[in-house]
Amino acid sequence: MIIFRIIAPFVMLFCIFAVMNFRTILSSLFCSCAICAWGQRTSPVDSIPLSALNEIVVTGTPVAAQTKHIPYSVTVVEDKQLQASGKGQLLSALSGSIPGLFVAERNILGFGVSTGGSGGIKIRGVGGEPTNAVLMMVDGQPQYAGLFSHHVADVYGKEYVDHVEVLRGPGSVLYGSNAMGGVINVITKQAKKDGCHTSLTSQYGSYNTWQTHLTNMARKGRFSSLVSLGFDRTDGVQEGFDFKQGDLYAKIGFEASEKWKLQADYALTKFLADDPVYPRVYKNDPTGVYHQNVVRGSASVSAANKYRRTNGNVRAYYSYGNHFIEDPAPFHSTDDRLGIILQQNFTLWENGSATAGFDFDTYSGEIPLSGGKDFSQAPLATLKRKRITEYSPYITLSHTFLHERLSANAGLRMAGSSLFGTHWIPQAGITASPADGWNIRGAVARGFRNPSFKELYLYKMANAELEPEKMTNYEVGVGKTFGPLLSVDLTGYISHGTNLIAVLDGKNQNMGEFTNKGVELTIKSKPLKWMGVQANYSFMHTDVDNLTGAPRHQYYLALDLMPHPKWELHPQLKGANRLFVSQDTDLQNFVLLGIKASYSPTKWLQLFVTADNLTNAHYCIMKGYEMPGISAQGGFRLNF
């Protein structure tokens, strides 16, 4: 029986990966399985939860709910899984580990911005270059620069993260613009017991890469706090490809009463990045180096209430950015965003609930210097301060039937804007549990994205008459938990986008369309108490020619092993097939094998080593930016 429990998940994975590169995958799996055979342990592995059906999430739903009652596709990545990845930055840890999600990378550390910048996210082939159709959030607060309407990937660390929830598909009814393709919601840690806990993590390795983070959580009675400081640097995979970053995240909470909780937070990030690749590859300048000096900050205050038949939250937030770039001529931009989020949930009848919400935000941006020229010298490349104001009420209804075996959900947003007028965004879905361990769901949802300042006002292709992009997504899914051995979830979807912004006759126009179709499979297993297995596979077909950042096949396998009370092993296998990069670059097919091994001689000290790309795959995600081959880092984690 034990042998069957170990073998069964791998037999299923072999069938899934059969369409891939057999030789590379099987050799990598052999290495992972060889590690599995070493040692035993009686303590459970809990970094990979067995079933996703009973996970409690707050993304894709107006109230915290079990995923089995949510008709939309939500994936949860716990802190332990993020730490097991060995990656220093959050988006690098997420990339490839979630079906249908792909993140563009260019270096061992650091995404950068502007010309040659990476960090673009696509979910099911929908995102943008850079990403402006997948919404990043931190504790429900929208995260994107007001000027270019996309997030800045280097802002997000993982040391202060409790877990991440990823909504695969439109989330515009609850979250508005930029959630057309999906949502990534970063949930930060919260001290739940009185006391003080501090952790210091530091690691050093290939390419003179050094990452250090200090995090403190404290609670005393009704007061709680979280403070995290970080510093990262690397010489990069190529000479002159330097990156340095410092970051701060701080949060304080106060429980005013049993019914009201108050919270305030502040985040600040500054990074310096050099890029010798773009001028060499795109400008035929072998000695040129582009420089980036970026500061991003955000702050918010919130008040949450919880009564017997109603609960909700109000949050006011402000974010800002200051970017100095030389590529090679000087460029300077500033942006800010001010918003208020109101949401209240009501239990109006038995087994039913309603949510009413209202979002208000106003964002602005200015580019006083571009190409070394000011407003008067470059009127098409610079921008005097512009502002857009958005206001959107929404409502959702949900009801459960037949002793919670059937759930129905629907919502509607009236998306209003000072520039784009008013349009209606609906969604609806249903879930059913016909038998214990079974979950069937279906949903249809519409998403939208408002044009950015760049598309409206900058450069020769600017068009101030642009309208929002729109997408409708249809999906069905089925999940099954097979006792303590296996959990499987299968999803199929069709996404159709219209009114997409593309350049025609040298002008931005609403004229593009796309249809993406795909299948996503997630498998979780705990065949033994000391072993956890998680795998996923996604297939996507698109009618768009040369779609970047969207591999046709993507697969992932992770093992959590505790062969001894003091030892942990976390091998991971990631792969992508038929990834388009550029017209003059071959389609990319790669398999990456990595591992993190840790040893804890005491309760307060952990020593670890990480190794990436042990297959030494040669590949790139962006033209000219070759990704690192075999690399390694070693470090420690102190807990006190």
Side-chain angles (χ1 to χ4, degrees), residues 58-59 62-64 135-147 149-152 155-156 160 165 171-179 183-190 222-228 248-257 259-269 295-307 310-322 334-346 355-365 385-396 413-418 450:
V58 296
T59 307
V63 294
L135 179 64
M136 288 291 302
M137 301 194 304
V138 175
D139 290 331
Q141 176 185 329
Q143 302 273 309
Y144 59 89
L147 187 61
S149 294
H150 64 80
H151 70 277
V152 177
V155 168
Y156 309 104
Y160 55 86
E165 299 176 1
S172 291
V173 167
L174 291 177
Y175 310 114
S177 179
N178 285 42
V183 176
I184 300 177
N185 192 8
V186 179
I187 309 299
T188 59
K189 293 179 179 179
Q190 181 78 39
R222 296 181 178 183
F223 289 91
S224 64
S225 66
L226 168 65
V227 179
S228 182
L248 160 72
Y249 179 82
K251 178 174 71 172
I252 186 170
F254 174 64
E255 296 180 3
S257 67
K259 295 179 174 61
W260 284 91
K261 295 181 180 180
L262 308 178
Q263 181 177 296
D265 60 70
Y266 179 72
L268 179 66
T269 299
V295 175
R296 302 294 312 176
S298 67
S300 77
V301 292
S302 65
N305 65 82
K306 187 176 182 180
Y307 292 86
T310 183
N311 64 83
N313 184 72
V314 55
R315 178 188 295 268
Y317 64 90
Y318 178 75
S319 62
Y320 61 92
N322 198 353
T334 63
D335 67 87
D336 60 37
R337 179 181 176 90
L338 173 67
I340 299 174
I341 301 172
L342 298 170
Q343 179 179 292
Q344 194 70 25
N345 311 298
F346 304 92
T355 297
F358 182 82
D359 296 340
F360 169 86
D361 66 89
T362 178
Y363 54 96
S364 70
R385 186 162 295 276
K386 298 279 188 179
R387 181 173 296 277
I388 295 176
T389 300
E390 298 174 343
Y391 40 89
S392 300
Y394 65 90
I395 186 171
T396 69
R413 170 180 287 257
M414 188 196 79
S417 168
S418 61
N450 288 332

* Donor-acceptor side-chain pairing of Asn322 and Thr334 below 3.5 angstrom -> no

* Are any of the side-chain heavy atoms of Thr362 and Ser418 separated by less than 4.5 Å? -> no

* Asked: Are any of the side-chain heavy atoms of Gln190 and Asp139 separated by less than 4.5 Å?
  -> no

* What is the minimum heavy-atom distance between Ile341 and Pro142, and which atoms define it? -> CD1-CD, 3.7 Å

* How far apart are the closest heavy atoms of Tyr175 and Ala179, and which atoms are they? -> CB-CB, 4.2 Å

* Asked: Per the salt bridge (charged side-chain N to carboxylate O under 4.0 Å, His left out) rule, which among Arg385, Arg296, Arg387, Lys386 passes with Asp335?
  -> Arg296

* Structure fact -> Minimal heavy-atom distance between Tyr394 and Phe358, with the atoms involved, is CE2-N, 3.9 Å

* Rounded to the nearest 0.5 Å, what separation is found between the CG atom of Leu342 and the CZ atom of Phe360? -> 11.0 Å

* Ignoring hydrogens and geometry, is there a side-chain-to-backbone donor-acceptor pair from Arg222 to Ala256 under 3.5 Å? -> yes

* Asked: Given Asn305, which of Lys261, Lys259, Gln344 fulfils the side-chain hydrogen bond (donor to acceptor under 3.5 Å, both in side chains) condition?
  -> Gln344

* Parallel, tilted or perpendicular: rings of Tyr160 and Tyr249 (30°, 60°) -> parallel

* Asked: What are the two closest heavy atoms between Val301 and Ala264, and how far apart are they?
  -> CG1-CB, 3.9 Å

* For residues Gln141 and Ser302, determine if any side-chain heavy atom of one lies less than 4.5 Å from a side-chain heavy atom of the other. => no

* **Contact summary for Asp359 and Leu174, nearest pair of heavy atoms** => OD2-O, 3.9 Å

* Could you tell me whether a side-chain N or O of Lys251 sits under 3.5 Å from a main-chain N or O of Ser224, the two making a donor and an acceptor? => no

* Using a 4.5 Å cut-off on heavy atoms from C-beta on, say whether the side chain of Arg315 contacts that of Gln263. => yes

* To do: Answer whether the closest heavy-atom distance between the side chains of Leu262 and Ile252 falls below 4.5 Å.
  => no

* To do: Could you grab the distance from atom CG of Asn345 to atom NZ of Lys306, nearest 0.5 Å is fine?
  => 11.0 Å

* Asked: Could you give the distance from OH (Tyr156) to OG1 (Thr269), rounded to the nearest 0.5 Å?
  -> 9.0 Å

* What distance separates Ser300 OG from Tyr318 OH, expressed to the nearest 0.5 Å? -> 14.0 Å

* Asked: Does the side chain of Ile184 come within less than 4.5 Å of His151's, by heavy atoms?
  -> no

* Taking Arg413 for the side chain and Ser172 for the main chain, is one N or O donor matched with an acceptor at less than 3.5 Å? -> yes

* What is the distance from atom OG of Ser392 to atom CG of Asp361, rounded to the nearest 0.5 Å? -> 7.5 Å

* Shortest non-hydrogen separation from Ser417 to Ile388 and the atoms involved -> OG-CG2, 3.9 Å

* **Test item: Tyr307 and Trp260 side chains (from C-beta on) under 4.5 Å apart, heavy atoms** => yes

* Asked: Is Thr188 close to Val138 at the side-chain level, that is, under 4.5 Å between some pair of heavy atoms?
  -> yes

* Exam field: side chain Asn178 to backbone Ser149, donor-acceptor pair closer than 3.5 Å -> yes

